Trainee: 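Just dropping this structure here.
Treat the numbers as computed from the prediction; the structure is a model and nothing was measured. Numbered from 1 within each chain, the chains take letters A, B, ... in sequence-line order.
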Number of protein chains: 2
Amino acid sequence: MEQSSESYIYQRLKNAIIKGYIKQGTKLVETTLAKQMQVSRTPIRGAIRRLTYDGFAVYEANKGTCVIKPTLQEIKETFFVRQQLEKTAARLATETISPEQIQELQHYCHEEIQTFENRDIEEFHRINDAIHLLIAQVSGNTVLRRYIEELLNRTKIYLILYDPFQTTPLNPSIKEHQKVIEALQAKDPDAAEKAMELHMLSSYESMEIPVLPEDYISL
Amino acid sequence: MEQSSESYIYQRLKNAIIKGYIKQGTKLVETTLAKQMQVSRTPIRGAIRRLTYDGFAVYEANKGTCVIKPTLQEIKETFFVRQQLEKTAARLATETISPEQIQELQHYCHEEIQTFENRDIEEFHRINDAIHLLIAQVSGNTVLRRYIEELLNRTKIYLILYDPFQTTPLNPSIKEHQKVIEALQAKDPDAAEKAMELHMLSSYESMEIPVLPEDYISL
DNA sequence: CAAGCTAGAAATGTATACAATTTTGCCAGA
DNA sequence: TCTGGCAAAATTGTATACATTTCTAGCTTG
């Protein structure tokens with residue numbers, strides 16, 4: 001499948017933002033990026049606009065587009081919305097989840113433990129995402145799934161600002177996932193919702209404004 | 001304030017879709033629209049892409065963009081997500097709402113009753129939107145507010161498919177709004193959440209596939 | 001007559017040119 | 001030195017031209 005130039009550029013830019021290669025607040029200048037990526041302004045422009053619609057950048061007419069620089073307040077608000085939707089997804093999932101899907105979730109949990117022992121943070125996050133996305137999918141509400149996916153993506157960029165060295169203790173996360181999965185297996189909506197609520201809460205309640213040099217760039 | 005051509009085109013197209021002037025499933029051809037609107041393809045293209053990101057159209061690479069043609073399932077799913085978020089907003093609003101804001105809501109309710117007597121459906125919907133948006137704003141969570149605003153916009157297009165003649169009894173809606181406002185005034189989170197849940201539920205639970213000629217256009 | 005192929009048309013994707021707006025930096029004057 | 005303004009540079013907004021892909025209509029062939 002031949003992918004369009006714009007999609008490719010979009011992916012590259014998004015990745016660079018999420019990974020922190022592009023500093024928050026940076027202005028995304030069309031002409032500059034066009035030269036760097038050896039394409040015309042047209043696909044660059046499209047990619048930048050898409051980043052805007054996805055919430056990774058802010059646009060001002062006749063001024064240009066900058067990578068977002070969220071406040072701690074905004075970050076917590078976003079996590080809160082994500083929490084609400086994931087709570088709902090977990091509740092719905094108790095009614096529709098199949099034994100195979102439960103097995104898949106448990107498999108992820110095992111992988112998570114192994115990855116934790118290996119200290120492979122990147123892989124750990126990949127598995128974490130997979131768990132949350134699977135539950136969102138199992139919920140059976142595709143609109144809900146799309147919103148959760150969007151918010152999950154959006155919260156990734158926040159983790160860089162909040163915890164650039166990724167030192168957050170991941171151990172509790174594993175146990176929390178297991179709690180959610182147990183509730184799903186027991187088909188207990190209230191327990192599933194509560195478990196997910198607590199899990200999401202622990203991922204943002206302790207956030208504080210990090211002390212970093214102004215021009216800090218995470219690897 | 002001078003608005004860009006693209007923004008203007010976006011607004012026009014969105015309005016045409018929401019009002020039903022453009023039939024659901026219609027392909028949005030760049031060249032055709034460019035001729036109609038007397039501009040080049042560039043701003044048309046941007047406007048169409050934006051409609052895509054807002055969920056009013058679907059895009060396929062190298063194929064083009066079509067106005068969405070949601071199934072009843074999708075419509076109900078979207079209303080459900082909106083319901084979840086508005087429930088949350090109502091709950092949060094009980095903690096932050098001011099006497100002035102309560103008064104503003106009550107004012108809307110009075111307007112709503114008058115408008116109902118005048119059978120001005122368009123105005124009625126405008127007031128209804130204002131009530132929901134104000135509660136979302138009062139919640140104090142701007143991310144939540146933006147999502148609710150997006151979903152409110154998106155559900156507008158659904159009402160055309162569901163009820164093109166806008167014959168839905170609006171009377172219960174007024175009473176439901178009053179219930180929500182009473183709960184906000186009493187600063188009772190559970191009551192506010194419940195009242196909003198019931199109000200949202202009544203707006204979509206009874207939806208059925210409408211019987212319409214294939215080429216039906218609302219006004 | 002149906003299925004498949006092919007050339008032309010049509011539509012989207014990208015590059016480039018030009019217009020309008022904003023930003024920047026320098027200079028004059030108080 | 002500070003401020004205001006003006007002109008050049010930089011950047012975004014739009015138009016147009018060209019490239020590539022997809023759609024369509026008509027023809028061929030079994």
Trainee: Could you tell me whether A:Y53 atom OH has more than 12 heavy atoms of other residues or ligands within 6.0 Å of it?
Mentor: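 Yes.
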
Trainee: Can you tell me the distance, in whole Å, between the CD1 atom of B:I48 and the C1' atom of D:dT14?
Mentor: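 From B:I48 CD1 to D:dT14 C1': 16 Å.
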
Trainee: Rounded to whole angstrom units, what separation is found between the CD atom of A:Q38 and the P atom of C:dA15?
Mentor: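 It is 11 Å, rounded to the nearest whole Å.
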
Trainee: Check whether any side-chain N or O of B:K156 sits under 3.5 Å from a backbone N or O of B:K19 as a donor-acceptor pair, and report yes or no.
Mentor: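 Checked: no pair found.
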
Trainee: Can B:R154 be said to sit on top of B:Y158's aromatic six-ring, NZ or CZ under 6.0 Å from centre and within 45° of the ring axis?
Mentor: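 Judged by the rule (NZ or CZ under 6.0 Å from the ring centre, within 45° of its axis), B:R154 is not positioned above B:Y158.
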
Trainee: Does A:T26 reach the main-chain N or O of A:I22 with its side chain, forming a donor-acceptor pair under 3.5 Å?
Mentor: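 Absent.
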
Trainee: Within the structure, does a side-chain N or O atom of B:S40 lie under 4.0 Å from either OP1 or OP2 of D:dA15?
Mentor: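 Yes.
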
Trainee: To the nearest Å, give me how far apart OH (A:Y8) and C1' (C:dG13) are.
Mentor: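 Distance, rounded to whole Å: 18 Å.
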
Trainee: B:Y59: what forms a side-chain contact (heavy atoms from CB on, under 4.5 Å) with it, not counting sequence neighbours?
Mentor: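 Partners of B:Y59 under the side-chain contact (heavy atoms from CB on, under 4.5 Å) test: B:T52, B:A61, B:T65.
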
Trainee: Return the polar atom pairs (N/O with N/O) between nucleotides 10-13 of chain D and the protein under 3.5 Å, or none.
Mentor:
residue: D:dT12; atom: OP2; partner: A:E30; partner atom: N; Å: 3.2
residue: D:dG13; atom: OP1; partner: A:Y59; partner atom: OH; Å: 2.6
residue: D:dG13; atom: OP1; partner: A:N62; partner atom: N; Å: 3.2
residue: D:dG13; atom: OP2; partner: A:R45; partner atom: NH1; Å: 2.7
residue: D:dG13; atom: OP2; partner: A:R45; partner atom: NH2; Å: 2.8
residue: D:dG13; atom: N7; partner: A:R41; partner atom: NH2; Å: 3.0
residue: D:dG13; atom: O6; partner: A:R41; partner atom: NH1; Å: 3.0

Trainee: Quick one: does NZ or CZ of A:R12 land under 6.0 Å from the six-membered ring centre of A:Y10, within 45 degrees of the ring axis?
Mentor: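 Ring-cation test returns no.
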
Trainee: How sharply is the helix from C:dC1-D:dG30 to C:dA30-D:dT1 bent, taking the axes over five pairs at either end and rounding to 10 degrees?
Mentor: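 End axes: 10° apart.
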
Trainee: Just checking, is any N or O donor in the side chain of A:S98 or A:E100 under 3.5 Å from an acceptor N or O on the other one?
Mentor: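 There is such a pair (donor and acceptor under 3.5 Å, judged by atom type) between the side chains of A:S98 and A:E100.
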
Trainee: Could you state the interatomic distance from CD (A:E193) to CD (A:E197), rounded to the nearest 0.5 Å?
Mentor: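 A:E193 atom CD to A:E197 atom CD measures 7.0 Å (nearest 0.5 Å).
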
